[in-house]
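What follows is a set of notes on a single structure, which appears directly below.
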Amino acid sequence: MACSLLLDYPADELAEQCTAVRAELATLPAPVAEHLEAFCARAEALGLRGLREHYVETFDQRRRCALYLSYYEQGDTRGRGQAIVAFREIMRAAGFEQAREELADYLPVVLEFAALDDEQGMGEELLETHREGLEVIRAALVDAGSPYAELVEALVATLPEPDERTIAAYQKLISQGPPTELVGLGAGRPGAPVGGRASAVDGPPTEPNSPKEG
């Protein structure tokens with residue numbers, strides 16, 4: 001739940017959140033605790049205003065840092081809308097009622113679901129299914145020197161090692177980016193390379209034309 005809260009836009013209660021996280025560090029595996037402590041220390045050094053500015057610059061302006069997991073599998077295509085619906089249906093089937101006004105594939109929402117879904121393990125399965133997206137986010141945040149890399153490192157430390165399929169999918173995402181589709185004239189993004197692949201760097205993914213979250 002700590003990563004779910006701290007990966008969201010920094011709240012006014014950031015200091016209280018860090019205090020609560022530190023109170024639980026002794027109960028966590030050492031690698032996870034170290035990354036969480038490192039994030040709290042770096043967040044405090046930046047201050048709330050500085051962290052908020054960094055958050056917007058990082059997650060709203062860099063594709064490879066986008067926190068919407070279906071984007072890495074579907075890109076800006078019509079298939080992403082159905083992927084988001086699938087996230088929502090899995091959560092509802094497990095009895096999870098989303099409180100945040102966000103798409104169901106938003107990583108902090110998925111992490112909240114995973115934290116509350118201990119018995120069925122469907123939340124962890126969602127994370128493992130989209131592991132290549134998590135790895136792209138992690139690598140991009142590390143490369144950017146972002147304190148948020150510490151949170152994704154803490155998350156990844158709780159998951160099994162990636163298999164060969166995941167590694168191959170991650171490498172493909174890094175080299176080619178997620179898929180796009182051109183629908184009608186002028187549907188392509190400025191700067192998107194020829195060949196139907198999106199740049200994985202410039203600008204955030206678009207919100208799909210799909211049923212909105214209820």
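We number each residue from 1, following the sequence as shown.
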At what distance, to the nearest 0.5 angstrom, does [atom1] of [X] lie from [atom2] of [Y]?
X	Y	atom1	atom2	result
Met91	Glu97	CE	CD	11.5 Å
Leu46	Ser146	CG	OG	9.0 Å
Arg42	Cys18	CZ	SG	13.0 Å
Leu155	Leu111	CG	CG	5.5 Å
Asp105	Leu69	CG	CG	6.0 Å

Over all atoms of both residues, closest heavy-atom pair of [X] and [Y]:
X	Y	value
Gly75	Arg80	O-CD, 3.3 Å
Glu124	Ala114	N-CB, 4.1 Å
Ile167	Pro162	CD1-O, 4.0 Å
Pro147	Leu51	CG-CD1, 4.3 Å
Gln98	Ala104	OE1-CA, 3.7 Å
Ala11	Arg52	C-NH2, 3.7 Å

Answer whether the closest heavy-atom distance between the side chains of [X] and [Y] falls below 4.5 Å.
X	Y	answer
Val21	Leu5	no
Arg62	Glu57	yes
Leu141	Cys65	yes
His54	Tyr148	yes
Glu102	Pro108	no
Leu134	Leu107	yes
Arg88	Val85	yes

- Message: Between Leu6 and Leu14, is the side chain to side chain contact (heavy atoms under 4.5 Å, CB included) condition met? List the steps.
- Response: CA-CA 8 Å; Leu6 296 175; Leu14 176 65; 4.1 Å; yes
- Query: With a cut-off of 6.0 Å (strictly less than), are more than 12 heavy atoms of other residues, nucleotides or ligands near CD of Glu125?
  - Reply: no
Under 3.5 Å: donor-acceptor pair, side chain of [X], backbone of [Y]:
X	Y	result
Ser175	Lys172	yes
Tyr55	Leu7	yes
Arg64	Ile174	yes

- Query: Under the side chain to side chain contact (heavy atoms under 4.5 Å, CB included) criterion, do Glu132 and Arg165 qualify, and how do the steps go?
  - Reply: CA-CA 9 Å; Glu132 58 267 30; Arg165 183 207 66 81; 3.5 Å; yes
- Determine, step by step, whether Thr19 and Glu16 satisfy the side chain to side chain contact (heavy atoms under 4.5 Å, CB included) criterion, reporting the C-alpha distance in whole Å, the side-chain angles of both residues, the deciding distance to 0.1 Å, and the verdict. CA-CA 5 Å; Thr19 298; Glu16 290 81 358; 5.5 Å; no
- side-chain hydrogen bond (donor to acceptor under 3.5 Å, both in side chains) pairs touching residues 23-35, sequence neighbours excluded, are His35-Glu150
- Message: Apply side-chain hydrogen bond (donor to acceptor under 3.5 Å, both in side chains) to residues Tyr106 and Asp8 and explain how you reach the verdict.
- Response: CA-CA 9 Å; Tyr106 183 52; Asp8 211 345; 2.9 Å; yes
- Task: Run the salt-bridge test on Arg138 and Glu135 with the 4.0 Å N-O cut-off and return the result as yes or no.
- Result: yes
- Item | Verdict with reasoning, Leu103 to Val109, per side chain to side chain contact (heavy atoms under 4.5 Å, CB included) | CA-CA 8 Å; Leu103 297 174; Val109 171; over 6 Å; no
- Among the clusters formed by ILVMFWY side chains lying less than 4.5 Å apart, do Leu151 and Val142 turn up in the same one? no
- Leu67 and Leu159: same hydrophobic cluster, using ILVMFWY side-chain contacts below 4.5 Å? yes
- Item | Partners meeting ring-ring contact (aromatic ring centres under 6.0 Å, His included) with Phe87 (sequence neighbours left out) | His130
- Message: Taking ring-ring contact (aromatic ring centres under 6.0 Å, His included) as the definition, give me every residue that meets it alongside Phe96, ordered by chain and number, with sequence neighbours left out.
- Response: Phe113
- Query: Is the gap between the ring centers of Tyr9 and Phe59 under 6.0 Å?
  - Reply: no
